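Single-structure report; data block below.
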There are 2 protein chains.
Amino acid sequence: MAVAESTRREELLRIAGQLFARKGFRSTTVRDIADSAGILSGSLYHHFDSKETMVDELLDSFQRRLFETYDAIIAGEQSPREKLVAVARASFDAIDQHHSEVAIFQNDAGYLAEFDRFSYLIERNARFQQMWTDLLRAGITSGELRADLDVELVYRFLRDTVWVAVRWYRPGGSLSGDEVADQYISILLDGIAATEGATK
Amino acid sequence: MAVAESTRREELLRIAGQLFARKGFRSTTVRDIADSAGILSGSLYHHFDSKETMVDELLDSFQRRLFETYDAIIAGEQSPREKLVAVARASFDAIDQHHSEVAIFQNDAGYLAEFDRFSYLIERNARFQQMWTDLLRAGITSGELRADLDVELVYRFLRDTVWVAVRWYRPGGSLSGDEVADQYISILLDGIAATEGATK
DNA sequence: GTCTATAGTATGATAGAC
DNA sequence: GTCTATCATACTATAGAC
């Protein structure tokens, strides 16, 4: 019974997540979710307090798992550059494996963060920024990364380029998640200009 | 009289644009817009048919001007790499000068494009893609750009990294639009890795 | 666990007075 | 050009039957 309820909850969450990801949290109605699940909107409230509870559970559990992965990488023995690549790769893997959650985070976190209930989004965002900028500064110190760039700007560049791929990347497309990650990381590290050529 | 009406319309459009940019098109209500303008919601309909008309005028006129700029660059005599830099710089300038419109485009174009009225968004998106990928292929042919990357993937990377900056860039901040553009373009072309260092 | 029925509110838009 | 007043619809959420 507890198992069946849990399973039904998760199935409804999955359905809600797909709709939130595709249409946005605000323009997905509880009726949309119920329709997709084959039940009536009132029945959803047997499982969840509110629409906000649904998106809350989706984002919170996803982010917890993601940060566990990040923390493990940061705590490791690799060089700053290697850790940076590993974190980027883990993020692309999240896009591949948890597409809905990343899309919701990318599209609706700014709006949701305005509410007290979602204040953890702001805290984790700050933690994420700290992690990336520490890594970037360590990479500059170690000589692996360019010292002539603004660290905060590079952080935003990295963060955005990694996550914005959720807008077009679809699991099962012509490029695998790993291939996308490899090319993205290659561009980030070495740029798109030819290294021996007419320029520079 | 025609002038006064036109001015009032533009003022209301500007107000609506700021709200659409900050809260998103769908969660900005006509009452929000009217409140910001100091009038009642019904009075808005003296100036505009509908909420959609407002966002339509904002996006359409902005995109027309943007493409005029792009077309002039493409028609010029520069090398592919130089044109690519010029297009990127023009895009950052658009973020600086037409922040609301870029933000609306970035956040709501996907939703709006589902409606017939906004089908031009899809057409212009295709034109934009054609322009960038032509430029990238020309740059590879000329030897200025790396030949080992997937052109469609690089296009998406470029497009997204350029426009997503609207999420955090604010006119009048510590970095000017030109400074941001210069660093972004430098990262895009040459990457963040140190060129003489322990790696590669 | 789902349905019926509905409360209470917010929304986009309209008609006509001023 | 704005206001008053309002319509029709859609929304989140609830109460109680089955």
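Labels below follow one simple rule: chain letters A, B, ... track the order of the sequence lines, proteins then strands, and each chain is numbered from 1. A quick note: this is a predicted structure, and the numbers were derived from the prediction, not measured.
In this structure A:Arg146 satisfies the side chain to side chain donor-acceptor pair (under 3.5 Å) test together with A:Asp148, B:Ser186, sequence neighbours excluded.
Note on B:Leu40: a base of the nucleic acid sits closer than 4.0 angstrom, heavy atoms only. Within the 4.0 angstrom heavy-atom criterion, no nucleotide atom of any strand lies near B:Ser27.
Residue B:His47 places its side chain closer to D:dG1 than to any other of D:dG1, C:dG1, D:dT12. Checked against D:dC11, C:dG1, D:dA13, the side chain of A:Ser41 finds its nearest nucleotide in D:dA13. With C:dC3, D:dT14, D:dT2 as the candidates, the nucleotide lying closest to the side chain of A:Tyr45 is D:dT14.
A perpendicular orientation is assigned to the rings of B:Phe115 and B:Phe118, their planes being inclined by more than 60° (bins at 30° and 60°). Using cut-offs of 30° and 60° on the angle between ring planes, the pair A:Trp163 and A:Phe128 is tilted.
Residue A:Ile33 contributes atom CD1, which lies 14 Å from atom P of C:dT2 at whole-angstrom precision. Per the geometry, CZ belonging to A:Phe48 stands 15 Å off C1' belonging to D:dT12, to the nearest Å. Computed from coordinates, the B:Arg117 CZ to C:dG12 C1' distance equals 14 Å when rounded to whole Å. Going from atom CG of B:Asp35 over to atom C1' of D:dC3 covers 14 Å, rounded to whole Å. The interatomic distance linking B:Lys51 (NZ) with D:dA10 (P) rounds to 15 Å, in whole Å.
Remark on DNA chain D: of its neighbouring residues A:Thr29 and A:Asp49, the 5'-side contact belongs to A:Thr29, judged by nearest-heavy-atom nucleotide. Taking for each of A:Arg31 and A:Gly42 the nucleotide of DNA chain D with the nearest heavy atom, the 5'-most of the two is the partner of A:Arg31.
No donor-acceptor distance shorter than 3.5 angstrom exists from the side chain of A:Glu101 to the backbone of A:Phe62, with no hydrogens or angles considered.
In terms of phosphate contacts, B:Ser43 brings no side-chain nitrogen or oxygen within less than 4.0 Å of OP1 or OP2 of D:dG1. For B:Arg8, a side-chain nitrogen or oxygen approaches OP1 or OP2 of D:dT2 to under 4.0 Å. Remark: A:His46 is not in phosphate contact with C:dT2, judged by side-chain N or O atoms under 4.0 Å from OP1 or OP2.
Annotation: B:Arg22, atom CZ; neighbour count of heavy atoms from other residues, nucleotides and ligands within 6.0 Å does not exceed 12.
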Show every donor-acceptor pair shorter than 3.5 Å between a side-chain atom in residues 65-76 of chain A and any protein atom, with sequence neighbours excluded, or say none if there are none.
{"residue": "A:Arg65", "atom": "NE", "partner": "A:Ser61", "partner atom": "O", "Å": "3.2"}
{"residue": "A:Thr69", "atom": "OG1", "partner": "A:Arg65", "partner atom": "O", "Å": "3.2"}
{"residue": "A:Tyr70", "atom": "OH", "partner": "A:Ser91", "partner atom": "OG", "Å": "2.7"}
{"residue": "A:Asp71", "atom": "OD1", "partner": "A:Arg127", "partner atom": "NH2", "Å": "3.3"}
{"residue": "A:Asp71", "atom": "OD2", "partner": "A:Arg127", "partner atom": "NH2", "Å": "2.9"}

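With a 6.0 Å cutoff to the six-membered ring centre and a 45° limit on the axis angle, A:Arg26 counts as a cation-pi contact of A:Tyr111.
DNA chain C lies under 4.0 Å from no heavy atom of any residue of residues 15-26 of chain B.
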